[in-house]
Amino acid sequence: MMKKPGMDERILVCVYYGPNGERLIRRGHQMASMLDCPYYILTVDPLPFDEFDADKSAYVESWQELADELGAEAFFLRDDEKRPSAKVIKEVAYEHNITQIIVGQTAQSRWEEITKGSFINVLLREIPFADLHVVSVARTVKSEEEGMYEKGVRAYLVKEKDGYRVSFTMSKGCEFEGIFFKEIGTDFNNGIFKFMHDHKMCQVHVHDDQIEETGTVERIAEEKHVQ
């Protein structure tokens with residue numbers, strides 16, 4: 001039986017904080033479609049997830065949704081990662097037999113430990129077993145939502161008779177731990193609550209301490225208890 005042209009190819013798309021991530025993911029999807037092979041998406045961050053700001057967590061959420069929409073094999077979020085990004089990329093590439101890696105041209109200004117002009121050379125040296133594709137991307141533009149929320153704080157979702165509310169102390173009845181981003185300019189606890197479930201980021205809106213998407217939280221809570 002003859003092999004398909006790209007049967008032995010496996011693509012890894014490396015994205016970082018900013019709107020250019022979507023373009024890189026779509027390029028990876030396009031290349032995977034041409035080669036008829038699987039592709040993966042990776043983002044690496046030295047901060048733990050619960051210290052991400054509202055913009056950064058929103059980007060991660062949108063990349064996850066895009067990965068599902070475009071049929072990516074997997075989306076990897078390596079947070080709280082103190083090693084150099086190139087080392088992490090090498091590890092993921094080796095674990096998943098990656099043969100093609102896609103990065104953005106401005107990546108050297110986005111990966112914190114990389115000095116100007118060195119990131120591509122580091123990758124070439126660290127990962128000689130994969131081909132490297134450098135995609136030209138535009139400079140990061142400011143998010144329209146930038147400045148809408150205060151710095152996130154650790155919070156919990158507590159189940160009550162009529163739904164769920166946000167609490168800032170761990171107590172009996174806490175269903176989920178996550179981060180609450182309060183809207184700027186409000187005296188009440190209005191904003192968004194983000195939390196991880198089944199390796200995916202979930203988001204619900206908060207109005208005066210109460211969760212608006214009660215049905216969504218109940219469904220996720222049921223899945224959690226089944227697991």
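None of these values were measured; they are calculated from a predicted model. Note that these values count all heavy atoms, side chains included, but never hydrogens, waters or copies made by symmetry.
Within the model, atoms CD of Glu61 and CG of Leu77 stand 12.5 Å from one another, a figure rounded to the nearest 0.5 Å. One distance of note links CZ of Phe188 with NZ of Lys182; it measures 9.5 Å at 0.5 Å rounding. Atom CD of Glu175 is separated from atom CD of Glu218 by 9.5 Å, given to the nearest 0.5 angstrom. We find the OG1-CD distance between Thr99 and Glu9 to be 3.5 Å, quoted to the nearest 0.5 Å. Remark: Ile192 CD1 to Glu212 CD distance equals 12.0 Å, nearest 0.5 Å. A distance of 8.0 Å separates CE of Met196 from SG of Cys202, quoted to the nearest 0.5 Å.
Under a cut-off of 6.0 angstrom, the local environment of CZ in Phe168 is crowded, with over 12 non-hydrogen atoms contributed by other residues, nucleotides or ligands.
In this structure, the side chains of Pro46 and Glu81 stay at 4.5 Å or more apart for every pair of heavy atoms. Inter-residue side-chain proximity for Leu12 and Ile89 is flagged as met; some heavy-atom pair is nearer than 4.5 Å. For the pair Phe52/Ile179, no side-chain contact is recorded, criterion being any heavy-atom separation below 4.5 Å from C-beta on. Between Gln100 and His133, the closest side-chain pair of non-hydrogen atoms falls below 4.5 Å. Residues Ile101 and Asp131 are not in side-chain contact: their nearest non-hydrogen atoms beyond the backbone lie 4.5 Å or more apart. Counting heavy atoms from C-beta on, the side chains of Ile11 and Tyr40 never come closer than 4.5 Å. By the 4.5 Å heavy-atom criterion applied to side chains, Ile98 and Val92 are not counted as neighbours. Annotation: side chain of Gln210 is in contact with side chain of Glu160 (closest heavy-atom distance under 4.5 Å).
Aromatic ring centres of His96 and Tyr39 lie farther apart than the 6.0 Å criterion allows.
Remark: the backbone N or O of Cys174 is not paired with any side-chain donor or acceptor of Lys159 at under 3.5 angstrom. Proximity of a side-chain donor or acceptor of Glu213 to a complementary backbone N or O of His205 within less than 3.5 Å is detected. Within the 3.5 Å criterion, the main-chain N or O of Val158 finds no donor-acceptor partner in the side chain of Ser167. Under a 3.5 Å cut-off, the side chain of Arg78 and the backbone N or O of Thr43 do not form any donor-acceptor pair. Judged purely by atom type and a 3.5 angstrom limit, Asp80 has no side-chain atom pairing as donor or acceptor with the backbone of Leu47. Side chain of Asp79 to backbone of Pro48: no donor-acceptor contact under 3.5 angstrom is found.
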Step by step, would you call Ile25 with Leu70 a side-chain contact (heavy atoms from CB on, under 4.5 Å)? CA-CA 9 Å; Ile25 292 171; Leu70 297 180; 4.3 Å; yes

Residue pair Val60, Phe75: steps toward the side-chain contact (heavy atoms from CB on, under 4.5 Å) verdict: CA-CA 10 Å; Val60 172; Phe75 175 88; 4.1 Å; yes

Trace of the side-chain contact (heavy atoms from CB on, under 4.5 Å) decision for Val13 with Leu42: CA-CA 6 Å; Val13 182; Leu42 168 69; over 6 Å; no

Would Arg83 and Glu91 count as a salt bridge (Lys or Arg N to Asp or Glu O under 4.0 Å) here? Give the steps. CA-CA 11 Å; Arg83 294 176 297 168; Glu91 179 179 89; 3.0 Å; yes

Starting from the C-alpha separation in whole Å, work towards a yes-or-no answer on side-chain contact (heavy atoms from CB on, under 4.5 Å) for Phe193 and Gln203. CA-CA 6 Å; Phe193 178 85; Gln203 172 182 309; over 6 Å; no

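A continuous path of Ile, Leu, Val, Met, Phe, Trp and Tyr side chains, each step under 4.5 Å between heavy atoms, connects Leu132 with Tyr94, placing both in one hydrophobic cluster. Both Val153 and Phe176 are members of a single hydrophobic cluster when ILVMFWY side chains are connected at heavy-atom separations under 4.5 Å. Using a 4.5 Å cut-off between side-chain heavy atoms of Ile, Leu, Val, Met, Phe, Trp and Tyr, with links allowed through other members, Phe195 and Met170 fall into different hydrophobic clusters. Under the 4.5 Å side-chain heavy-atom criterion for ILVMFWY residues, a single connected hydrophobic cluster contains both Phe129 and Val103. In the hydrophobic cluster analysis, where Ile, Leu, Val, Met, Phe, Trp and Tyr join through side-chain heavy atoms closer than 4.5 angstrom, Tyr156 is grouped apart from Val204.
Of the charged side-chain nitrogens involved, at least one lies within less than 4.0 Å of a carboxylate oxygen, so that Arg26 and Glu22 count as a salt-bridged pair.
When all heavy atoms of Glu73 and Pro38 are compared, the closest pair comes out as OE1-CB, 3.6 Å. Residues Ala54 and Phe181 share a closest heavy-atom pair of N-CE2, 3.2 Å. In terms of heavy-atom proximity, Leu24 sits nearest to Cys14 at CD1-O, 3.6 Å. When all heavy atoms are compared, the tightest approach of Val44 to Ser85 is CG1-OG, 4.2 Å.
Under the rule for a side chain to side chain donor-acceptor pair (under 3.5 Å), Gln64 has no partner lying at least two apart in sequence or in another chain. Remark: Lys90 engages Glu126 in a salt bridge (charged side-chain N to carboxylate O under 4.0 Å, His left out) (not counting sequence neighbours).
For the pair Lys56 and Tyr59, the cation does not sit on the ring face, since its NZ or CZ is not both under 6.0 Å from the ring centre and inside 45° of the axis.
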